[in-house]
There are 2 protein chains.
Amino acid sequence: MIMAYKKCNEFNDNAKRLAEYARALSHPARITILNILAERNTCICGQIVDVLPLAQSTVSQHLGELKKCGLIMGEIDGPRSCYCINRKNFEEMIYLMNEFTGGIRGR
Amino acid sequence: MIMAYKKCNEFNDNAKRLAEYARALSHPARITILNILAERNTCICGQIVDVLPLAQSTVSQHLGELKKCGLIMGEIDGPRSCYCINRKNFEEMIYLMNEFTGGIRGR
DNA sequence: CATATTTATCGCATATATGCGATAAATCAA
DNA sequence: TTGATTTATCGCATATATGCGATAAATATG
């Protein structure tokens, strides 16, 4: 029998976008990566690997997730990959989150 | 070979707690449920089922997730289950989120 | 040119999430 | 008491997430 595994799409746009950002923050490694990037402004993958208790391949995957949802940007720098926070999208996330929490607080 | 699938625990407490809340918000259905609960103040499961494009059992599961992480509370009312937002924990989530975003914005 | 460094990706294993129908348990109404 | 209503949970299927080692590709260094 055919089942629908993507009911997500039937929801409100803001709810969907906020859910995507929330998913990106739903692992402590990714929150920590964002904190590290904020602290150092810009980082190569290896620097993050050095700090996290995770294998290089796993860290690379988490970086990929953050990049996919737009919270960070990556730039190739020789054999290295240089990452930084995507401020514009980060602000969008904050906006959506504030809109959401404000709408609940206000009642 | 034995592998560790719970590296999560090796991270900072605030990052872990924020990640848990973020995971709760990582599905648009759960965001929508929280919006509905804010609007009506209190709701029984069936009222939420009526509004969402999901089966009763699925909605019940989402409610269970929200309850598990503490964002809502449930109270049995006859054959019904009455849910409302757990303001205290919701504020904790906002606090952790603000602390996180503030620490990144501030650089 | 040969070798080292760096990182993304593949392949694999396991765990968790999403979704539904069926059903049991609890309660309410007749 | 019988039947209807309501909801949590079980069982199932599929999808996605988490984690690692190995490796290929790109570049830097000798």
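Numbers restart at 1 for each chain; the letters A, B, ... are given by sequence-line order, proteins then strands.
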Would you please confirm or rule out a distance under 4.0 Å between OP1 or OP2 of [N] and any side-chain N or O of [X]?
X       : N      : value
A/His62 : D/dG19 : yes
B/Lys67 : D/dA8  : no
A/Arg23 : D/dT16 : no
B/Ser57 : D/dT7  : no

Choosing from [options], which nucleotide comes nearest the side chain of [X]?
X       : options                : value
A/Arg30 : D/dT18, C/dC28, D/dA26 : D/dT18
B/Pro79 : C/dA8, D/dT27, C/dA26  : C/dA26
A/Tyr83 : C/dG19, D/dG19, C/dA8  : C/dA8
B/Leu54 : C/dG19, D/dT7, C/dG21  : C/dG19
A/Arg80 : C/dT7, D/dT7, D/dA26   : C/dT7
B/Ser60 : D/dT9, C/dC28, C/dG19  : D/dT9

To the nearest Å, how far apart are [X] [atom1] and [N] [atom2]?
X       : N      : atom1 : atom2 : result
B/Glu65 : C/dT16 : CD    : P     : 12 Å
A/Gln56 : C/dA8  : CD    : P     : 7 Å
B/Ile44 : D/dT5  : CD1   : P     : 13 Å
B/Leu66 : D/dT7  : CG    : P     : 16 Å
B/Glu75 : C/dA26 : CD    : P     : 18 Å

If you count the non-hydrogen atoms of other residues, nucleotides and ligands that lie under 6.0 Å from CD in A/Glu99, is the total more than 12?
yes
If you count heavy atoms of other groups shown closer than 6.0 angstrom to CG of A/Asp13, is the number above 12?
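Open.
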Would you classify B/Gln61 as touching base, sugar-phosphate or nothing, given that sugar-phosphate means primed atoms plus P, OP1 and OP2, and contacts are heavy atoms under 4.0 Å?
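Base, at least one base atom sits under 4.0 Å.
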Please classify the nucleic acid contact of A/Leu63 as base, sugar-phosphate, or nothing, using heavy-atom distances under 4.0 Å.
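It contacts nothing in the nucleic acid.
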On the six-membered ring of B/Tyr21, is B/Arg17 placed so that its NZ or CZ lies under 6.0 angstrom from the centre and within 45° of the ring axis?
yes
Nearest-nucleotide comparison on DNA chain C, the residue closer to the 5′ end among A/Cys45 and B/His27:
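Per heavy-atom nearest nucleotide, the more 5' residue is A/Cys45.
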Quick check: does any side chain N or O of B/Arg30 sit under 3.5 Å from a backbone N or O of B/His62, one acting as donor and the other as acceptor?
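No, because the side chain of B/Arg30 does not come within donor-acceptor range (under 3.5 Å) of the backbone of B/His62.
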